[in-house]
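Atom set for the values below is all heavy atoms of this structure, side chains included, hydrogens, waters and symmetry mates excluded. Every chain is numbered from 1, with letters handed out A, B, ... down the list of sequences.
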Amino acid sequence: MKNSPEPTVVVRRIPVWKQLLSPEQQIAMVEDLRGVVKAAPLFSPVTPSGKEMSVRMTSAGKFGWVTDRRGYRYEPKHPSGAPWPEVPESVLDVWRTVSGYDRDPESCLVNFYGTDAKMGMHQDKDEADFNAPVVSISLGDAALFRIGNLERGGKTESIWLESGDVCVIGGEARLLYHGIDRIRPGSSSLLPNGGRINVTMRVVT
DNA sequence: TAGTAGCA
DNA sequence: GCCT
């Protein structure tokens with residue numbers, strides 16, 4: 001992969017590389033992610049308030065992000081008790097290309113969005129060190145990504161993230177509220193059954 | 001409040 | 001899209 005290319009666009013201090021991954025790289029990554037899901041099956045997380053999230057998720061790496069009535073946190077094992085699988089090399093390559101960070105990620109969260117899935121506005125703040133960025137990879141159907149402010153409320157900006165796009169949430173943007181408003185069904189043929197995969201990598205400790 | 005529904 |  002190219003070394004530290006310039007981002008295509010920057011939205012609210014979040015750099016976005018459109019089509020950083022070629023179609024061939026996207027296909028290979030999806031194949032790697034199928035291996036992750038086989039070892040650590042997708043589950044439907046429940047928020048601390050007891051509501052089921054519309055995305056299904058799993059993780060790879062040393063820690064995986066989970067939520068249930070006990071709260072949001074990183075855990076060293078899948079809810080089944082099995083250890084999380086290794087982060088695929090294809091995914092790590094993206095981190096090393098765009099993160100600008102020395103340490104490798106300790107957590108790789110894999111979120112699957114069906115046609116109707118959404119993600120409400122939130123901050124990523126379950127990590128110990130906000131100096132490390134969050135790197136996000138989009139695969140499959142396009143998603144409307146909304147970026148807000150350091151506190152709830154106020155004006156927001158949106159951008160469509162398409163298959164192969166990568167963005168980095170770091171620096172001054174690290175704690176911005178953000179979310180996914182909707183998925184555009186049929187916008188990609190990468191996933192035979194449609195939907196979107198979002199892969200996010202983080203340093204957790 | 002990593003949620004939802006309702007109205008326009 | 002805006003509101004909560």
Practice task
Determine the contact category for A:S49: base if any of its heavy atoms lies under 4.0 Å from a base atom, sugar-phosphate if only primed atoms, P, OP1 or OP2 are that close, otherwise nothing.
Solution key: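 Sugar-phosphate, no base atom in range.
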Practice task
Would you mind classifying the nucleic acid contact of A:D126 as base, sugar-phosphate or nothing, using non-hydrogen atoms under 4.0 angstrom?
Solution key: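 Counting heavy atoms under 4.0 Å across all strands, the contact made by A:D126 includes a base.
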Take the protein atom [atom1] of [X] and the nucleotide atom [atom2] of [N], then report the distance between them rounded to whole Å.
X      : N     : atom1 : atom2 : answer
A:M121 : B:dT4 : CE    : P     : 15 Å
A:R146 : C:dG1 : CZ    : C1'   : 8 Å
A:I180 : B:dT1 : CD1   : C1'   : 17 Å
A:D181 : B:dT1 : CG    : C1'   : 14 Å
A:R182 : C:dC2 : CZ    : C1'   : 14 Å
A:Y177 : B:dT1 : OH    : C1'   : 8 Å
A:E52  : B:dT1 : CD    : C1'   : 17 Å
A:D124 : B:dT1 : CG    : C1'   : 14 Å

Tell me which donor-acceptor pairs under 3.5 Å the side chains of residues 53-60 of chain A have, and how far apart each pair is, sequence neighbours excluded?
{"unit_1": "A:S54", "atom_1": "OG", "unit_2": "A:K118", "atom_2": "N", "d": "2.9"}
{"unit_1": "A:S54", "atom_1": "OG", "unit_2": "A:K118", "atom_2": "O", "d": "2.9"}
{"unit_1": "A:T58", "atom_1": "OG1", "unit_2": "A:A40", "atom_2": "O", "d": "2.7"}
{"unit_1": "A:S59", "atom_1": "OG", "unit_2": "A:W65", "atom_2": "N", "d": "3.4"}

Exercise for the section: Note every stem involving DNA chain C: at least three consecutive Watson-Crick or G-U wobble pairs, i with j then i+1 with j-1, with both distances under 3.5 Å. Expected result: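 So the stems come out as none.
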Practice task
Taking atom types as modelled, find out whether A:S136 and A:N198 have a side-chain donor-acceptor pair closer than 3.5 angstrom.
Solution key: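 Per modelled atom types, A:S136 and A:N198 side chains form a pair under 3.5 Å.
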Exercise for the section: Considering only atom P, compute the distance from B:dT4 to B:dA8 and round it to an integer number of Å. Expected result: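 22 Å, rounded to whole Å.
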Problem - side chain to side chain donor-acceptor pair (under 3.5 Å) involving A:E157 - partner list, sequence neighbours excluded - result: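 Counting only residues at least two positions away or on another chain, A:E157 forms a side chain to side chain donor-acceptor pair (under 3.5 Å) with A:R12.
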Exercise for the section: List for me each residue that meets side chain to side chain donor-acceptor pair (under 3.5 Å) alongside A:T115, sequence neighbours excluded, and say none if there are none. Expected result: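 Result, side chain to side chain donor-acceptor pair (under 3.5 Å) vs A:T115: none returned.
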Partners passing salt bridge (charged side-chain N to carboxylate O under 4.0 Å, His left out) against [X] (at least two apart in sequence or in another chain):
X      : answer
A:E31  : none
A:D165 : A:K18
A:R202 : A:D124, A:E127

Handout entry: Contact check, side chains of A:V16 and A:L161, non-hydrogen atoms, under 4.5 Å
Key =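 They are in contact (side-chain heavy atoms under 4.5 Å apart), so the answer is yes.
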Exercise for the section: Could you name each residue pair satisfying ring-ring contact (aromatic ring centres under 6.0 Å, His included) that touches residues 85-133 of chain A, not counting sequence neighbours? Expected result: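 Every pair satisfying ring-ring contact (aromatic ring centres under 6.0 Å, His included) with a residue in residues 85-133 of chain A: A:H122-A:H178.
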Handout entry: Close approaches to DNA chain B from residues 150-164 of chain A, in residue order (heavy atom, under 4.0 Å)
Key =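 By residue number: A:R152.
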